[in-house]
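Source: prediction; values computed, not measured. Because only heavy atoms are used, hydrogens play no part in the values below, and waters and symmetry mates are left out as well, while side chains stay in.
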Amino acid sequence: MTESVLVEVKNLVKHFPITKGIIFKKNVASIRAVDDISFEVERGKTLGLVGESGSGKSTTGRLILRLLDPTSGTIKFDGSDITNLPEDGLKDLRRRTGIVFQDPYSSLDPRKRVVDIIAEPLVIAKWGGRRKIVERVYELLGLVGLRREDAYKYPHQFSGGQRQRIAVARALALSPDLIVADEPVSALDVSVQAKIINLFSTIQKELGVAYLFISHDLSVVRYISDKVAVMYLGKIVEYGPSDVIFEEPLHPYTKSLLTVVPVPNPKVMRSRRPTLLRGEIPSPINPPSGCRFHTRCPYAIKTCSEEEPQITQAKPNHYVLCLFWKEIEEGTLTPQN
Amino acid sequence: MQTEKEGAGEASASEVKTVLRNLRRSRTATFGLTYVVGLVIVAILAPVISPFDPYAQNLLNRLQPPAFPHLLGLDDFGRDVLSRLIHGATVSMQVGLEVVLLSLLIGVVVGAISGYYGGWVDMVCMRLADIFLAFPSLVLAIGIMAVIGPSIFNVVLSLVVVSWPYYARVIRSQTITLKEMDFVTAAKAMGASGKRILLTHIIPNAIPPVIILATLGMGSAILAEAGLSFLGLGVNPPTPSWGVMVASGRDYILQAPHIVISSGLVITITVLAFNLLGDGLRDALDPRLRI
Amino acid sequence: MKGPILNRNEVLLEVKNLRTYIETGAGLVRAVDDVSFDVCRGEIVGLVGESGCGKTMAALSVMRLLPEPYGKIVGGSVYFEGQDLTKLPEEEMRKIRGNKISIIFQDPLTALNPIMKVGDQIVEAIVSHHPIDESAAWQRAINLLQSVGIPDGKVIAEQYPFRISGGMRQRVMIAIALACNPTLLIADEPTTNLDVSIQAQILEVISDIRRRTGTSILLITHNLGLVAWLCDRVFVMYAGKIVEQAPTEELFANPAHPYTELLLKSIPKLESSKEKLETIEGEVPNLIRVPPGCRFHPRCPYVKEVCKKVEPTLFNVNVEHYARCLKHTAEYRLEQ
């Protein structure tokens, strides 16, 4: 592990048991939300985690912050193993990480004033006296582009974009090394979204904080990320530098997504030939055998339903989870109809 | 708009002011509030403001209809009805407040813990609540009273036993919704303890919906006390209680309807006032509706 | 205000100077304020704008489905196949709704009855306008499901809404909307809650409908990507007004209103990365008290004194291309 790595995740697994019965609980099945994934978040850099519903991207974010307990695998934060630390051993992690959610309406306690909301992490960490904390809150408000007076208002007095700024200020209170941002701009209007994305970039430049940026929006992920991991049904199917993933995708899932994302450019839209994925996203309770993507993959052949692919390094720094990426790349395997 | 103020944290006096101002916007809530405040004052000042001794009998003029100086007439022992109503307010308010506060306290503790921690704790607490809820509450209260004997304290005790599960249920379901909210997850991510999350995030947000239940509960506790006293299981005569007054007036409903009417009306209006106040409070307490 | 190319006979829906106001506790919201747009036969038209711009209220006004009793059409007309819908008695309007004009909404779960089989809901939509016998209607329901890309329509028809996925539900909603072969389909944010790969499927269904049946489609959306994908013409709404209208390619190539221009620049690009995103200063105005002059002037980077006083009309900037911006006047150009 090199100096530059902040979070190192290896073979991380999270299964949620589905139980039956009230007193004598019986595990009848499990939701395989995250199933053997490995990745790294570098200091001061952004890893984009992109995927559709059921891909396990939000679960991954919560696992890294130890808001959920992993089933197996290891998570290292700044070199120390935090995978199995009990809650009272997590104080250091809690101080050094922050979280921002999608819905700016449910992420702020409606009965607290902004000053109390932003001060909460400082109060919990016993960061300083009341006066010092209030000063810090003012400083944070300035950092996210809000005014001092805003400290004494309630969340409902702000628009969605401003509330998201408050949430960012709270996440930054203790100058963390890592912020997990779970769909932070998905609930916002286009013009507001741009402002919040810019805020994230500026803050990273100024404070050197690393982001795990979770989103379903490929354009946003491309814009903000240094590296990208594409998730599908609990697996990372492709992982590498952002530009490489978006310009030379190897996995059929990534390839297909990039042809169906609507972009505001009629010329592009009319010239491209969308590869529609057939069918529905399967349930993570009973994921397909072999390669999980085989039920929807345009290239899938019989082997794909039998043999489970392993993540392989296809090119330097570029990893892919596909049995036949090479054949697809060389054109020897073509879409089945 | 609040002006800049140092010292984050303490629930300020201005917050109470805002709630009151919002409350006054609704005419019905204003009536409820005024009536309830008036009743509290009457209950406290009863010995001072009641025109006559509520126990003084005037057997010669028993059942006298309303006339000066006995504005609401005399009862079957020739006691001044108005004075007895005023003293009855003390009993009613005392029973109402004690029942509501005690059941609220038990309900909040049981409900919040049950909802937040879940698992077997939740199982035990809620099955216990179910057992109490399965009985018709007044019948259960009558049963308890029959065993422990009539007195004001026992009235309160039996009513608390039958009413805490309602609060616990509501608080529990509120807690379950709230603990999934992102702001609670955010607090966990900051390293907040379970106790802190319950006390600063969950309970303050879970209480407001219960406020309306509590004000309604005031009304029904007063009504239940009257009912128990009416049945002879509550406050002992000659202590003036509205229920006792309806009970004793019942025998003279044709000759002297003023006894039943005045005490019955007081009970009705009081319960109504509490309900209107509860409704108004629910709106006034919601910061999202504040301007 | 019609371009020279379109043939008047082909106009299916023509909304003229529509005003829809909504009474709220805080005041009168002028949600739709003198809005005109039109949809020709076989055309897909986009009505695009951010939340609160009035696009949904405009659509609901066409259907006369405004929230009672607070929402009211207070002026203007809605000509559909030559007849003014705002003047029709409710009885007549009901014969048009779901029959000649259908609507699909963003959230198909709340739009479907949870305790009724999917097939029965389609049958209901069919027989409420065209009384045919039950088994024929059921067969038609299955055909409709197949036509919206559900090959095993027979199986799905027997399901309850909560048993099927979000994408499937939206297909069912579309099947219901198509039950009576409408001439106009209004799609209000039809794919906003769906995953990208499922959204693509639904968009294919929608454009396939137009290809097969020639149904006109009015697409209400906030997503300019969808507009670029599907629409022939676009109307951009801001604060209760149409601020720009143009054929799709023209609008994206030469946006003539600063709002459209900035909006396009504020979207992160999939094809290239990393230059700082443009943003629009300030917030969307409250529709109870709109700014005087041009409604966009407090946020506009090109603002001049004249913009604060004069309310712009739609100026013709190119063939079929109009923008509500004073930049296109001599007065603006002359001001220092």
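Among the candidates Ala194(A), Pro264(A), Ser219(A), the residue making the largest number of heavy-atom pairs closer than 4.5 Å to chain C is Pro264(A). The residue among Ala200(C), Gly149(C), Pro268(C), Pro151(C) with the most heavy atom pairs within less than 4.5 Å of chain A is Pro268(C). The choice from Asn198(A), Leu277(A), Leu276(A), Val263(A) that makes the most heavy-atom pairs within less than 4.5 Å of chain C is Asn198(A). Ranked by non-hydrogen atom pairs under 4.5 Å with chain C, the options Val261(A), Thr259(A), Val268(A) are led by Val261(A). Here Ser53(A) is the residue among Pro274(A), Ser256(A), Ser53(A), Gly51(A) with the most heavy-atom pairs under 4.5 Å with chain C.
Contact annotation for Asp189(A): both backbone and side-chain heavy atoms come within less than 4.5 Å of a heavy atom of chain C. For a residue to count as touching a neighbouring chain, one of its non-hydrogen atoms must lie under 4.5 Å from one of that chain's; by this rule Ile197(A) touches chain C with the side chain only. Only the backbone of Glu278(C) has a heavy atom closer than 4.5 Å to any heavy atom of chain A. Contact of Ser201(A) with chain C is not made at all, since no heavy-atom distance falls under 4.5 Å. If you measure heavy-atom distances from Leu218(A) to chain C, the contacts under 4.5 Å come from both the backbone and the side chain. Residue contact with chain A, scored on non-hydrogen atoms closer than 4.5 Å, involves the side chain of Leu264(C) exclusively. Proximity to chain C (any heavy atom under 4.5 Å) is restricted, for Gln193(A), to the side chain, taken from C-beta onward.
Within a 6.0 Å sphere centred on CD of Glu281(C), heavy atoms belonging to other residues, nucleotides or ligands number 12 at most. The 12-atom threshold is exceeded at CZ of Arg272(A), counting heavy atoms of other residues, nucleotides or ligands nearer than 6.0 Å.
In this pair, Tyr253(A) and Phe293(A) present their aromatic rings perpendicular. The plane angle is above 60°, beyond the 30 to 60° band.
Applying a 4.5 Å heavy-atom cutoff, the residues of residues 253-263 of chain C that approach chain A are Leu263(C).
Ion pairing between a basic and an acidic side chain is recognised when a charged N comes within 4.0 Å of a carboxylate O; Glu250(C) and Arg233(C) show no such pairing. Between Asp150(A) and Arg165(A) there is no salt bridge, since no side-chain nitrogen of the basic residue lies less than 4.0 Å from a carboxylate oxygen of the acidic one.
Residues Cys322(A) and Leu250(A) form no side-chain contact, since every pair of their non-hydrogen atoms from C-beta on lies 4.5 Å or further apart.
With sequence neighbours excluded, the residues that form a side chain to side chain contact (heavy atoms under 4.5 Å, CB included) with Lys154(C) are Ile142(C).
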message = Between Ile267(C) and Val190(A), is the side chain to side chain contact (heavy atoms under 4.5 Å, CB included) condition met? List the steps.
response = CA-CA 7 Å; Ile267(C) 305 169; Val190(A) 185; 3.4 Å; yes
